[in-house]
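Just below is one structure, and these are the notes that go with it.
All figures in this text were calculated on a predicted structure; none of them were measured in a lab. Counting starts at 1 for both ligands and their atoms, in listed order.
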Amino acid sequence: MKKIVILTGAGISAESGLGTFRDEGGLWAQHRIEDVATPEGFARNPDLVHDFYNARRAQARTAKPNEAHVALAKLEREFQGELILVTQNVDSLHAAAGSQHVMHMHGFLDGALCASCDARWPAPLAMNKTMKCPTCAAQTTRPDIVWFGEMPYQMDEIYHHLSEADLFAAIGTSGNVYPAAGFVQEASAFGALTVELNLEPSAVVSQFEQTIFGKASACVPEWVESLL
Ligand code: APR
């Protein structure tokens with residue numbers, strides 16, 4: 001096996017104490033997506049959006065990687081072929097666990113972006129609407145997070161990797177949000193073996209050849225050992 005492509009979702013960080021979106025009591029049960037995760041919501045009420053991400057950024061900074069993150073970092077170090085790790089998550093737990101190359105397709109909580117000049121810089125713990133961009137001084141700073149209706153990052157590169165994958169694995173994602181939910185179809189169209197690791201079946205479970213059910217902190221280390 002020469003190339004493995006892995007997609008992770010909120011489920012891999014659940015056991016690190018970070019809430020998922022669609023599980024019982026998840027983030028989308030507490031906040032309306034249109035208010036806190038769309039450009040329109042941000043334009044309408046930037047304070048509410050900054051408060052939402054400031055709270056998630058503070059929580060994410062206290063979270064620790066779990067055995068699943070650690071196992072994927074080990075896979076990157078020890079797998080003889082090429083490993084591509086794509087995450088929908090905006091926490092930095094993969095990097096904290098030692099993964100060197102992580103593609104953050106939905107951006108990251110620790111990043112700030114200027115909506116005027118596209119400058120990016122490390123986000124402070126708390127952001128607010130009066131902050132000035134360090135490059136152009138405009139007061140149009142926002143979290144470097146990809147909102148609904150916006151194009152995720154590095155898509156061309158990701159589709160290139162999917163076309164070359166021998167194995168595609170989705171870990172801890174519900175398969176509700178595209179384009180990520182369509183990656184399994186893309187990979188299998190190019191002949192990849194596909195496996196879903198999740199606590200319960202995702203919305204696209206039928207498109208996977210293999211499924212491994214259970215908590216990520218238990219299943220992912222076991223699965224990684226089976227690959228090495
Ligand atoms: N181990 C493994 N899987 C788990 C665990 C666990 N301990 N806990 C929950 N899960 C699984 C759930 O079964 C579910 O399939 O994690 C998944 C979480 O699904 P979502 O909350 O929908 O998160 P995700 O799929 O990452 O959402 C995708 O939607 O809101 C947007 O941009 C946001 O990146 C996010 C995207």
Side-chain angles (χ1 to χ4, degrees), residues 6-42 49 52-53 55-57 59-60 63-72 85-94 97 102-111 113 142-155 158 168-185 194-208 210-224:
I6 296 175
L7 170 71
T8 61
I12 201 170
S13 297
E15 291 162 88
S16 295
L18 297 185
T20 62
F21 295 96
R22 295 172 183 82
D23 286 329
E24 189 66 31
L27 281 166
W28 297 147
Q30 303 159 41
H31 306 273
R32 284 165 16 107
I33 286 181
E34 48 275 30
D35 290 342
V36 295
T38 61
E40 298 77 13
F42 184 61
V49 175
F52 175 65
Y53 288 99
R56 289 183 64 198
R57 194 172 298 113
Q59 193 196 23
K64 298 274 173 287
N66 62 59
E67 295 86 343
H69 297 104
V70 171
L72 294 185
L85 176 56
V86 182
T87 187
Q88 299 172 90
N89 300 338
V90 291
D91 62 58
S92 305
L93 293 178
H94 282 303
V102 188
M103 300 177 79
H104 273 268
M105 65 179 286
H106 288 167
F108 28 16
L109 278 172
D110 287 339
L113 166 67
R142 56 172 277 186
D144 189 8
I145 299 271
V146 177
W147 284 327
F148 285 88
E150 296 184 322
M151 179 59 77
Y153 294 146
Q154 301 177 279
M155 290 309 296
I158 291 169
F168 171 74
I171 303 174
T173 180
S174 65
N176 281 300
V177 175
Y178 287 80
F183 288 178
V184 53
Q185 200 165 2
T194 54
V195 56
E196 171 171 283
L197 293 90
N198 201 310
L199 202 52
E200 56 197 29
S202 77
V204 289
V205 66
S206 60
Q207 296 177 35
F208 286 86
Q210 283 178 352
T211 48
I212 299 173
F213 292 125
K215 289 191 166 192
S217 63
C219 294
V220 176
E222 229 172 271
W223 176 68
V224 163

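The CZ atom of Phe52 lies 11.0 Å from the CZ atom of Arg57; values are rounded to the nearest 0.5 Å. The NE2 atom of His104 sits 8.0 Å away from atom CG of Leu85, with the distance rounded to the nearest 0.5 Å. Atom OG1 in Thr87 sits 7.5 Å away from atom CD1 in Ile12 (nearest 0.5 Å). A distance of 9.5 Å separates NE2 in His106 from CG in Asn89, rounded to the nearest 0.5 Å. Atoms CE and CZ, from Met105 and Phe183 in turn, are 4.0 Å apart once rounded to the nearest 0.5 Å.
Nearest to atom 5 (C) of ligand 1 among the protein's heavy atoms is Gly11 O, 3.5 Å. Given atom 9 (C) of ligand 1, the protein heavy atom at minimum distance is Asp23 OD2, 3.2 Å. Looking only at protein heavy atoms, the nearest one to atom 26 (O) of ligand 1 is Ala10 N, 2.8 Å. Shortest contact from atom 25 (O) of ligand 1 to any protein heavy atom: Thr173 OG1, 2.7 Å. Shortest contact from atom 7 (N) of ligand 1 to any protein heavy atom: Glu15 OE2, 3.0 Å. With hydrogens left out, the protein atom closest to atom 35 (C) of ligand 1 is Phe21 CE1, 3.5 Å, a heavy atom. In terms of protein heavy atoms, atom 19 (O) of ligand 1 is closest to Ser174 CB, 3.3 Å. The protein heavy atom nearest to atom 30 (O) of ligand 1 is Trp28 NE1, 2.8 Å.
Using a 30° and 60° split on the angle between ring planes, Phe208 and Phe168 fall in the parallel class, below 30°.
For the residues Thr8, Leu197, Asn198, Leu199, the heavy atom positioned nearest atom 12 (C) of ligand 1 is part of Asn198. When the options Ser202, Pro152, Gly172, Gly175 are ranked by their closest heavy atom to atom 18 (C) of ligand 1, first place goes to Gly172.
Checking only distances, Asn89 never comes within under 3.5 Å of ligand 1, N or O to N or O. For ligand 1, the polar-atom distance check against Ala216 finds a nitrogen or oxygen pair separated by under 3.5 Å. In terms of polar-atom proximity, Asn176 is not counted as a contact of ligand 1, lacking any N or O under 3.5 Å from an N or O of the ligand.
If you number the atoms of ligand 1 from 1 as listed, the ones under 4.0 Å from a heavy atom of Phe148 come out as 30 (O), 31 (C). Atoms of ligand 1 found under 4.0 Å from any heavy atom of Lys215, numbered from 1 in the order shown, are 1 (N). Atoms of ligand 1 found under 4.0 Å from any heavy atom of Ala14 (numbered from 1 in listed order, with element): 8 (N). Those atoms of ligand 1 with a heavy atom of Gly9 less than 4.0 angstrom away are 26 (O).
Residue contacts with ligand 1 for Arg22 involve both N, CA, C or O and side-chain atoms from C-beta outward (heavy atoms, distance under 4.0 Å). Only side-chain heavy atoms of His106 come within less than 4.0 Å of ligand 1; its backbone N, CA, C and O stay farther off. With a 4.0 Å heavy-atom cut-off, ligand 1 is reached by the side chain of Val177 but not by its N, CA, C or O.
Between Asn66 and Ser217, the side chains place no donor N or O within less than 3.5 Å of an acceptor N or O (distance only, hydrogens not considered).
Considering Leu7, Ile212, Thr211 as possible partners of Glu196, the one that fulfils the side chain to side chain contact (heavy atoms under 4.5 Å, CB included) test is Thr211. Applying the side chain to side chain contact (heavy atoms under 4.5 Å, CB included) test between Arg56 and each of Val90, Ile145, Asp91 identifies Val90 as the sole match.
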What do the steps show when you test Leu72 against Thr8 for side chain to side chain contact (heavy atoms under 4.5 Å, CB included), and what is the final call? CA-CA 10 Å; Leu72 294 185; Thr8 61; 3.9 Å; yes
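For Glu222, the CD atom sits in a loose shell: 12 or fewer heavy atoms of surrounding residues, nucleotides or ligands are nearer than 6.0 Å. The neighbour count for Gln185 CD, taken as heavy atoms of other residues, nucleotides or ligands under 6.0 Å away, does not exceed 12.
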